[in-house]
Number of protein chains: 2
Amino acid sequence: MILKIDFASETPIYEQLKNQIVEGITFGLLKEGEQLPSVRQMAEDIGINMHTVNKAYSILRREGLVIIYKGSGVIVNDFSKMRNKSFLKEVPLLIKPVIAEAYCKGINEEEFLDKCKEIFNSIYKGKK
Amino acid sequence: MILKIDFASETPIYEQLKNQIVEGITFGLLKEGEQLPSVRQMAEDIGINMHTVNKAYSILRREGLVIIYKGSGVIVNDFSKMRNKSFLKEVPLLIKPVIAEAYCKGINEEEFLDKCKEIFNSIYKGKK
DNA sequence: TAATCTGTTATACTTAATATATAACAGATA
DNA sequence: TATCTGTTATATATTAAGTATAACAGATTA
């Protein structure tokens, strides 16, 4: 899996890393049970500090997306069986600002939903 | 219009303020041509610094959502005629991480799109 | 005209988040 | 026994965020 960190971005490195791993899992680039590079290896590959990687991994563990075996390594959790209903309540809080800005800039409901559907379609494509 | 700032939030104050004004415009709480409180008045109302308000206002001007008259005040721009096609390209970048996380946590396409539609419906409700 | 409002700019300061750097520790593996 | 794994601790540098004061120029109003 190829990771691209934008060092000029306002988004923190650990968050970019976390997001890309989540997307890797979602879009099928990272399979269930697959092992992630060690914190040191990942840090060396990207050219960042070990602790920055560790921060991303820890967040992923807290969210249940990976399992960390102390002394062994980090593997992708079986999220197909997972169902976190509570996150459904957070979705509106996350997308409301995006929809508001989009609407102000002349983007209508159909256009917005199409973009969402495109993303879901690329998820299904990665799964087949 | 009622503004609620969460001082314990990770989201910066100026960004919360900006988002709530954008949402105010979108959901019809702020009408076109309506004047916003001055940077000093708004700062006093919320209990924050003048510069923090100014930062939010400046961002809104850069995005074309308000017009600032130096010496006079800040008014809501006529965004009904505005169409910023370039933002349509940014939408996937903004919602992709949200969809990815939602999908990992067992939320499917229908559930996600329903949340989006609910938000759009509340926009239409505010406009009628 | 003078006073007072508006946004703007400049400077200085404090706090917190981010990221790095080293080191050491305990569990797992070869 | 080495060497890998994640983890914890400590220290440091940098940057973003927020505050505090002050001054400036344009607009408004008494």
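Hydrogens, waters and symmetry mates play no part in the numbers below; they use all other heavy atoms, side chains included. Note that this is a predicted model, so its numbers are computed, not measured.
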Distances under 3.5 Å between nitrogen or oxygen atoms of protein and nucleotides 27-30 of chain C:
unit_1: dG27(C); atom_1: N2; unit_2: G71(A); atom_2: O; d: 2.8

Margin query: Does this structure show an ion pair linking K117(B) with E111(B), if we count only N-O contacts that are shorter than 4.0 Å?
Written below: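 Not counted as a salt bridge, because no side-chain N and carboxylate O are separated by less than 4.0 Å.
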
Next item on the list: List in numerical order all residues of residues 37-62 of chain A for which some heavy atom is under 4.0 Å away from an atom belonging to DNA chain C.
Entry: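 Of all residues in residues 37-62 of chain A, the ones placing a heavy atom under 4.0 Å from DNA chain C are R40(A), I48(A), N49(A), M50(A), H51(A), T52(A), K55(A).
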
Would you list the atom pairs, donor with acceptor, under 3.5 Å between side chains in residues 27-36 of chain A and any protein atom, with sequence neighbours excluded?
unit_1: K31(A); atom_1: NZ; unit_2: G28(A); atom_2: O; d: 3.0
unit_1: E34(A); atom_1: OE1; unit_2: K31(A); atom_2: N; d: 2.9

For the student: nearest non-hydrogen atoms of [X] and [Y], plus distance:
X       : Y       : result
A102(B) : V91(A)  : CB-CG2, 4.5 Å
M50(B)  : V39(B)  : CG-CG2, 3.9 Å
V98(B)  : F87(A)  : O-CE2, 4.4 Å
P97(B)  : P92(B)  : CD-O, 4.5 Å
E109(B) : Y124(A) : OE1-OH, 2.7 Å
L113(B) : C116(A) : CD2-CB, 3.7 Å

Margin query: Tell me which pairs pass ring-ring contact (aromatic ring centres under 6.0 Å, His included) where either residue lies in residues 38-74 of chain B, with sequence neighbours left out.
Written below: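 Listed by first then second residue: nothing to list.
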
Margin query: In this structure, how many angstroms lie between the P atom of dA19(C) and the OH atom of Y14(A), rounded?
Written below: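 Spelled out: OH on Y14(A) to P on dA19(C) is 7 Å.
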
Note to self: If I take atom CD1 in residue I13(A) and atom C1' in nucleotide dT20(C), what distance separates them, rounded to the nearest angstrom?
What the structure shows: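 About 10 Å, once rounded to whole Å.
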
Checklist line | Outermost DNA chain D nucleotides near chain A [under 4.0 Å, heavy atoms] | finding: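 Here the contact window of chain A covers dT5(D) to dA9(D).
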
Throw together a table of side-chain donor-acceptor distances under 3.5 angstrom for residues 12-26 of chain A, partners on residues two or more places apart or in other chains.
unit_1: Q16(A); atom_1: OE1; unit_2: D6(A); atom_2: N; d: 2.9
unit_1: Q16(A); atom_1: NE2; unit_2: D6(A); atom_2: O; d: 3.0
unit_1: Q16(A); atom_1: NE2; unit_2: T11(A); atom_2: O; d: 2.8
unit_1: N19(A); atom_1: ND2; unit_2: E15(A); atom_2: O; d: 3.4
unit_1: Q20(A); atom_1: OE1; unit_2: K4(A); atom_2: N; d: 3.0
unit_1: Q20(A); atom_1: NE2; unit_2: K4(A); atom_2: O; d: 2.5
unit_1: T26(A); atom_1: OG1; unit_2: V22(A); atom_2: O; d: 2.8
unit_1: T26(A); atom_1: OG1; unit_2: A100(B); atom_2: O; d: 3.0

